[in-house]
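As structure tokens, the structure follows; a few thoughts come after it.
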There are 2 protein chains.
Amino acid sequence: MNVTTLCLAILFQEEATGYEIKKMSTDGKYSYFVDASFGSIYPALARLERDGFVTCREESQPGKPARKIYSITEAGRARFAANLLEEPEPDIFRSAFLLVTMYAPMLPRHVVSRAIDIRVNQLTQEIEKLTQLAAEEQTPGAHWAIDYGLCCFRQSIEYLNDNRERLEAIAGTANDSPLPAAAE
Amino acid sequence: MNVTTLCLAILFQEEATGYEIKKMSTDGKYSYFVDASFGSIYPALARLERDGFVTCREESQPGKPARKIYSITEAGRARFAANLLEEPEPDIFRSAFLLVTMYAPMLPRHVVSRAIDIRVNQLTQEIEKLTQLAAEEQTPGAHWAIDYGLCCFRQSIEYLNDNRERLEAIAGTANDSPLPAAAE
DNA sequence: GTTAGCATGTAAACAGTTACATGATTGT
DNA sequence: ACAATCATGTAACTGTTTACATGCTAAC
């Protein structure tokens, strides 16, 4: 999914500024679609407005730049809806954590332990985020998605806790490691 | 992870050609790191060779372009190892399937059903791939990673099978859908 | 006094994809 | 006949990030 579609997806549900879209795509409910930066969101919104898929009203604030609040148009709704009807692209999972596990034999034990700790932490935070989202959220589709996410993340943490010793035992067992520190 | 690091990661474990690296990053064991195209792999290998991180020997084949088999150097091993010691970046999950679930109320039921079918299929294939990989694979780190993946994927399929009716029941319940087809 | 949050926007730089060029072999 | 697999490589294009510019307010 590209930034333009992300903007339409969010504006389909609620009005928002570019700043708010950025937050939602980085931490919020829409973080499972794209993580976009300001440098891609602002130009995307300008293009969407130029092409009639969104409209914009300004709200001036004393001392700050005016908030530009975007709303989706009928053309915008239709475009996003048509998008949703297409076959969804495959889900993507990319993991620097798994890279560490694959090369565990050549890594010092503490590096492997730290990687597990970081991953468990990340998952815990993700669960907290979803729990909070569920409390605020009303739409039934979002609720289903949140429940699914919670189930997957909990299972993942459980697996990590149950199997971390097995992985830590592998650490540092390679005898041809290019890391002098591996022997420590 | 970028394409250059991917090449080093693979060449750390085994010699390979650009073509083989492409396959491994798209379907194989390394598909959880980056999915790279030829247009990025060949230039990356050329840069790595120029900078002394890999070496290359050619194996001519009648009727085909010569295979350029790359091997990692000590400098390359050191560079990749240093990379692994850094704090791993957070794992990334991006899902077009979850987008469909979130907007289920405005979608016709068959679109939602199809999205679930596609996702279950994708997960099933992922499990088959990992099972096959486990049969071929020797390194203990890779085995741990595969077991972890299998656990997550199985759990995910189970959830989808147990909760698909609940999601399908939501489909088409929005009365303000921009899709005329939603009423079918 | 310094960091974080709010708020918009631009331009250069970068990484990567897509499409093209070339061509034999094997399977359907 | 046609598609897929093997095999390398380049060039144009695209989308996105990073860094910059600007500036107020509130918290620590």
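Every chain is numbered from 1 and lettered A, B, ... according to where its sequence line falls, protein lines coming before strand lines.
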| task | Taking only the side-chain heavy atoms of R67(B) (C-beta and beyond), determine which of dA7(D), dT17(D), dG23(D) contains the nearest atom. | result | dA7(D)
| field | Separation of dT10(D) C1' from L45(B) CG (nearest whole Å) | value | 15 Å
| said: Closest-nucleotide mapping onto DNA chain D: is M1(A) or P65(A) further toward the 5' terminus? I mean the 5' end. | reply: M1(A)
| How would you label the contact of G39(B) with the nucleic acid (heavy atoms, under 4.0 Å): base, sugar-phosphate, or nothing? | base
| query | Which part of the nucleic acid, if any, lies within reach of A66(B) when heavy atoms closer than 4.0 Å are counted: base, sugar-phosphate only, or nothing? | reply | sugar-phosphate
| task | Mind calculating the distance between CG (L6(A)) and C1' (dT17(D)) to the nearest angstrom? | result | 16 Å
| If we ignore angles and hydrogens, is there a donor and acceptor under 3.5 Å between the side chains of Y148(B) and S156(A)? | yes
| Spacing of F38(A) atom CZ relative to dG23(D) atom C1', expressed in whole Å | 15 Å
| field | S60(A) side chain to E58(A) side chain, donor-acceptor N/O pair below 3.5 angstrom | value | no
| field | chain B contact limits on DNA chain C, taken 5' to 3' with a cut-off of 4.0 angstrom to heavy atoms | value | dG16(C) to dA24(C)
| query | What's the CG-C1' distance between D27(B) and dC6(D), to the nearest Å? | reply | 14 Å
| Side chains of T5(A) and N2(A), donor plus acceptor under 3.5 Å | yes
| Spacing between E89(B) atom CD and dT17(D) atom C1', to the nearest angstrom | 14 Å
| note | Rounded to whole Å, the OH-P distance (Y42(B) to dA7(D)) equals 9 Å
| said: Can you tell me how the ring of F38(A) sits relative to the ring of Y42(A), calling it parallel under 30°, perpendicular over 60° and tilted otherwise? | reply: parallel
| message | Suppose we call two aromatic rings close when their centres sit under 6.0 Å apart. Are Y103(B) and F80(A) close by that rule? | response | yes
| message | From CD1 of I41(A) over to C1' of dT17(D), roughly how many Å is that when rounded to an integer? | response | 12 Å
| query | What distance do T101(A) atom OG1 and R119(A) atom CZ have between them, rounded to the nearest 0.5 Å? | reply | 11.0 Å
| query | Between atom CG in D35(A) and atom C1' in dG15(D), what is the gap in whole Å? | reply | 15 Å
| said: Can you see if the side chain of S40(A) gets near the phosphate of dG15(D) - specifically, an N or O under 4.0 Å from OP1 or OP2? | reply: no
Counting only pairs under 3.5 Å, give me each side-chain donor-acceptor contact of residues 125-133 of chain A, with atom names and distances, residues two or more places apart or in other chains.
from    : atom 1 : to      : atom 2 : distance (Å)
E126(A) : OE2    : Y32(A)  : OH     : 2.8
E126(A) : OE2    : K129(A) : NZ     : 2.9
K129(A) : NZ     : D27(A)  : O      : 3.2
K129(A) : NZ     : S31(A)  : OG     : 2.9
T131(A) : OG1    : I127(A) : O      : 2.6

